[in-house]
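Since the structure comes first, as structure tokens, the remarks are kept for the end.
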Amino acid sequence: MQEMANVYFDGKHYQVPSDLTIMTAMEYAGYQLVRGCGCRHGFCGACGAIYRLKGETRPHFSLACQTKVEEGMYVATLPFFPLNNKNYNIEETKPTDQVMMEIFPEIYACVGCNACTKSCSRGLNTMQYIAYAKRGDYEKCATASFDCVACGICSARCPANISHCLVGLLARRLTGKYIMPPADHTAKRAIDIAAGKFDADMATLMAKPKEEIKELYDNREIEK
Amino acid sequence: MIKPMVMTKESPFTPSMMESMKKLEATREKRLQSEPKRMSADEKRALLDEFHPDYGDKGFAKIEIGPNAGEKAPKELTALLHSKSRISGLDLDLDKIEFDTDVLIIGGGGAGASAAIKAHKAGCNVMIVTKLRMGDSNSMMAEGGIQASDKENDSPMQHYLDAMGGGHYYNKPELLRRLVMDGAKSIQWLEGLGVLFDKHEDGTMITFPGGGLSRKRLHACADYTGAEITRVLRDEVQNLGINIVDYTAAIELILDKDGNAAGAVLENMLTGEYLVARAKTVVIATGGAGRMHYHGFPTTNHYGATADGLVMAYRAGCNLLYQDTIQYHPTGTAYPVQLFGALVTEKVRAVGANLINVNGDAFVHHLETRDVAASAIIRECHANNLGVDIPGGAGVWLDTPMIDMIHGDGKIASALPGMLRMFMNYGIDMRKTPVLVYPSFHYQNGGIEIEADGNTSHIPNLFVAGEAVGGIHGRNRLLGNSMLDVVVFGRLAGQSAAKVAKSTKIGSLTLDHVKCYENQIASAGLDTGEASPILLPKYARDVNADKLK
């Protein structure tokens with residue numbers, strides 16, 4: 001006999017097999033999902049889910065696709081949260097000390113309550129990465145926010161109205177574009193290709209009969 | 001700091017798994033000193049012929065109508081092509097135009113976003129329509145990396161040779177040429193947009209080896225490469241103010257009276273409302289088909305991967321290429337059940353983890369191409385009976401603790417944080433214990449045939465990019481060539497669509513091709529009882545199944 005669990009989706013009771021995730025349990029219950037379901041493997045942040053276990057005071061924060069159901073689980077999904085999108089031009093946005101103040105001034109209203117960290121579905125130290133952004137340490141903010149999937153739960157909990165995932169994204173883009181040194185070898189190769197440096201060799205290779213290409217492939221040297 | 005989210009006192013593994021794991025641990029020291037044998041070309045051929053799902057007739061059905069009539073396709077795809085339109089029998093008023101744009105892009109993944117940015121920069125009015133949220137796509141889930149031959153010991157020719165051999169020499173040469181020649185330029189473009197690539201301190205790209213690669217050519221952003229690229233592209237699309245219409249699927253192409261692509265019929269996923277979008281040019285960037293579960297395989301793909309673009313384009317008269325070939329990722333998760341099918345990135349093999357059978361033996365070189373490695377796992381489990389028992393089937397070990405032993409402690413945490421987190425959720429620490437894997441439907445190798453500019457040869461003003469394209473990768477794709485193809489052919493389709501849009505005058509709109517196709521279905525006596533594209537898989541349990549007499 002399959003072990004079953006009592007769960008409540010948006011307050012409504014269902015009995016579901018206890019080895020399912022919140023997402024597959026909703027489907028077992030009969031929901032054909034449209035919202036709140038994306039990659040189903042924990043990368044896209046579409047399925048933020050907030051739940052409380054019967055008898056407990058504090059809520060838990062998770063992704064519905066990555067979390068097993070538990071007995072007495074009351075689940076609310078958060079398919080969308082209105083974030084404060086800013087349309088900055090990355091070409092004109094530089095990693096200056098003021099850039100966060102200009103684009104996301106609300107981060108300076110952080111009261112240090114740590115609700116963001118406590119509510120992170122990925123277990124990130126969210127308040128810390130916001131602190132890095134505040135003090136202009138964009139590289140550290142980039143690293144600390146790298147695993148963020150932008151589920152938006154932290155922003156729903158934040159008393160200072162911060163759009164955390166967008167702050168992390170800006171810090172990462174600034175780091176990738178301006179702070180880390182550019183890959184000179186990539187730029188050089190792009191220039192050489194554009195200048196036609198490989199055209200003749202490529203044409204020669206492409207003109208070879210299949211058997212000869214096969215021979216080259218089977219005997220090519222593999223870098224250790 | 002990554003900690004288990006579910007703390008369990010008991011081992012997450014069954015006793016028989018634990019027993020097998022001991023055998024694996026016993027051979028590890030010796031395996032660290034040596035390398036498993038690589039197969040000869042003949043051995044690979046024989047293995048594929050017998051064990052790869054592409055190489056038999058089981059699970060395939062003949063396509064009866066349309067440009068590919070007489071050819072085979074996975075039976076689920078054939079059924080989509082034999083199904084009626086979602087607007088069958090409806091007389092839709094095409095003069096009620098809801099959206100009027102220069103370039104209509106169908107699909108909001110990496111290819112659609114790249115196309116949108118390029119078409120916008122070329123001065124066009126651009127609109128993206130996507131059936132889920134912007135960015136929801138297989139691109140978001142690509143973990144391993146993106147190829148480009150930008151190192152001194154590498155060249156576009158070497159990249160070409162690897163991909164041609166990997167694709168079993170079926171790649172369309174001019175498309176493959178485009179892929180490898182635009183590699184460095186595409187990486188540089190992404191770097192300029194702020195994608196956070198793994199680099200050495202001087203800016204040199206850290207590049208990894210991979211299955212079927214003769215050079216260390218794989219660029220990565222930890223094991224979130226696709227997610228990092230896609231979220232930056234999505235942000236850029238939003239920042240540029242490009243019109244994004246989300247939760248809206250394209251369900252049929254609209255042509256004009258001259259037979260040019262001129263828009264699409266859209267369907268609001270939440271309300272069911274039909275909407276007409278008129279456009280001077282159309283880009284199909286609808287991605288793959290993993291959620292069709294061809295041959296009954298689990299999938300690594302996102303929720304919306306249901307071959308929509310192939311169905312729409314086929315009805316309008318485009319031909320498909322290599323629609324009968326599917327890539328099974330050798331290392332889908334086999335256990336625990338909650339992760340069944342989820343991708344374990346190939347980077348895990350690239351950094352040294354062996355594939356191990358129930359007796360603790362390495363049965364295949366871990367850097368063989370995906371089709372060879374997947375077939376070897378299928379053979380080991382089902383013909384040699386040397387798989388590890390998992391609930392409902394079998395799997396093999398992927399010996400992940402080897403990674404930190406080879407590269408030093410901390411390598412898994414820094415290079416594979418996503419994987420570490422995924423297994424840690426279920427109490428499995430891949431730094432200490434191996435993980436269980438089995439092949440999972442990963443990629444549609446085939447798709448809509450395109451020409452050198454990203455255009456289709458049969459329908460003017462129609463372009464295709466990304467996984468919906470067939471031909472770039474031949475009959476088997478190498479890792480890291482899909483993320484590259486998404487960017488290279490996305491950019492190309494955007495540029496080409498913008499250029500053509502500037503000189504296009506749209507004639508009166510028609511859906512006659514849909515009616516004509518339905519007449520063919522009727523004359524052939526085909527009736528699947530379903531409408532296509534299906535847009536989403538039906539995962540909801542039929543709750544009334546046992547209620548009716």
Side-chain angles (χ1 to χ4, degrees), chain A residues 19-21 27-35 37-44 46 66-68 85 87-90 122-123 142 146-147 149-150 169 172-177 180-187 189-190 193-194 198 201-202 205-206 210 213-214 216-218 220-223, chain B residues 2-3 6 41 132-133 136 140-141 150-151 153 155-157 160-161 164-165 169 173 177 181 184-185 187-188 191-197 199 202-205 209 214-216 222 224 227 231-232 235 238-239 241 269-270 302-303 337-338 342-343 417 421-422 425 536 538-541 543:
Chain A
D19 63 351
L20 298 181
T21 60
E27 290 171 338
Y28 177 89
Y31 291 72
Q32 175 65 39
L33 301 176
V34 178
R35 282 192 170 269
C37 179
C39 77
R40 302 176 71 99
H41 292 146
F43 283 90
C44 80
Q66 294 292 297
T67 309
K68 259 171 93 163
N85 273 301
N87 293 348
Y88 51 84
N89 177 347
I90 194 70
R122 305 283 74 201
F146 194 75
D147 289 15
V149 295
L169 180 55
R172 291 194 300 277
R173 291 190 70 180
L174 291 173
T175 304
K177 183 172 175 63
M180 284 165 66
D184 294 334
H185 62 98
T186 310
R189 181 56 54 87
I193 290 173
F198 296 97
D201 286 346
M202 184 58 88
L205 175 63
M206 290 176 70
K210 182 181 153 187
I213 293 183
K214 210 161 171 290
L216 284 172
Y217 176 78
D218 288 339
R220 75 206 196 287
E221 194 189 319
I222 294 180
E223 182 184 3
Chain B
I2 298 168
K3 290 184 196 133
V6 182
L132 293 169
R133 305 172 311 160
D136 283 345
M140 187 62 93
M141 306 167 73
D150 57 3
K151 290 287 177 78
N153 70 344
S155 69
M157 290 76 71
Y160 183 95
L161 192 60
M164 192 52 104
Y169 311 97
R177 179 185 195 277
M181 292 295 251
K185 187 167 78 178
I187 298 285
Q188 199 187 14
E191 186 189 43
L193 288 171
V195 169
L196 209 51
F197 285 108
K199 288 180 176 179
D202 66 351
T204 305
M205 294 280 180
S214 64
R215 297 289 183 273
K216 292 177 184 166
Y224 287 89
R231 63 200 182 187
V232 166
D235 193 48
Q238 286 167 345
N239 286 351
M269 296 289 286
L270 301 164
H302 88 110
Y303 191 40
V337 61
Q338 294 88 354
L343 179 62
R421 184 185 302 281
M422 180 172 91
N425 275 342
L536 292 173
K538 292 192 182 83
Y539 287 159
R541 184 173 60 103
V543 290

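When reading the values below, keep in mind they use all heavy atoms of this one structure, side chains included, and skip hydrogens, waters and symmetry mates. A, B, ... follow the sequence lines: proteins, then strands. Residue 1 opens every chain.
Applying the salt bridge (charged side-chain N to carboxylate O under 4.0 Å, His left out) test to A:Lys210 and every residue at least two apart in sequence or in another chain returns nothing.
For the residue pair A:Asp201 and B:Tyr160, no side-chain donor N or O sits within less than 3.5 Å of a side-chain acceptor on the partner. Checked by atom type, the side-chain pair A:Asn87/B:Gln238 shows no donor-acceptor distance below 3.5 Å.
Between chain A and the residues B:Lys151, B:Arg177, B:Met164, B:Arg133, the most heavy-atom pairs under 4.5 angstrom are made by B:Arg133. Note: A:Asp19 leads A:Asp184, A:Thr175, A:Asp19 in heavy-atom pairs under 4.5 Å with chain B. Ranked by heavy-atom pairs under 4.5 Å with chain B, the first of A:Thr67, A:Asp218, A:Leu33, A:Val149 is A:Leu33.
Of the atoms belonging to B:Asp235, heavy atoms from both backbone and side chain fall under 4.5 Å from chain A. Only the side chain of B:Val337 has a heavy atom closer than 4.5 Å to any heavy atom of chain A. Only the side chain of B:Leu132 comes within less than 4.5 Å of a heavy atom of chain A; its backbone N, CA, C and O stay farther away. Both the backbone and the side chain of B:Ala342 come within contact range of chain A, each with at least one heavy atom under 4.5 Å from a heavy atom of that chain. Neither the backbone nor the side chain of B:Pro209 comes within less than 4.5 Å of any heavy atom of chain A. Heavy atoms closer than 4.5 Å to chain A are found in both the backbone and the side chain of B:Leu193. Of the two parts of A:Leu174, neither the backbone nor the side chain holds a non-hydrogen atom closer than 4.5 Å to a non-hydrogen atom of chain B. The contact between B:Met157 and chain A is made by backbone and side chain atoms together, counting heavy-atom distances below 4.5 Å. Residue contact with chain B, scored on non-hydrogen atoms closer than 4.5 Å, involves the backbone and the side chain of A:Tyr88 alike.
Going from atom NZ of B:Lys538 over to atom CD of A:Glu27 covers 13.5 Å, rounded to the nearest 0.5 Å.
With hydrogens and angles ignored, the 3.5 Å screen pairs no side-chain donor or acceptor of B:Gln338 with any backbone N or O of A:Thr21. A donor-acceptor pair is defined here as one N or O able to donate and one able to accept, closer than 3.5 Å; such a pair exists between the side chain of B:Arg541 and the backbone of A:Tyr28.
The two residues B:Ala184 and A:Arg189 come nearest to each other via the heavy atoms CB-CG, 3.8 Å.
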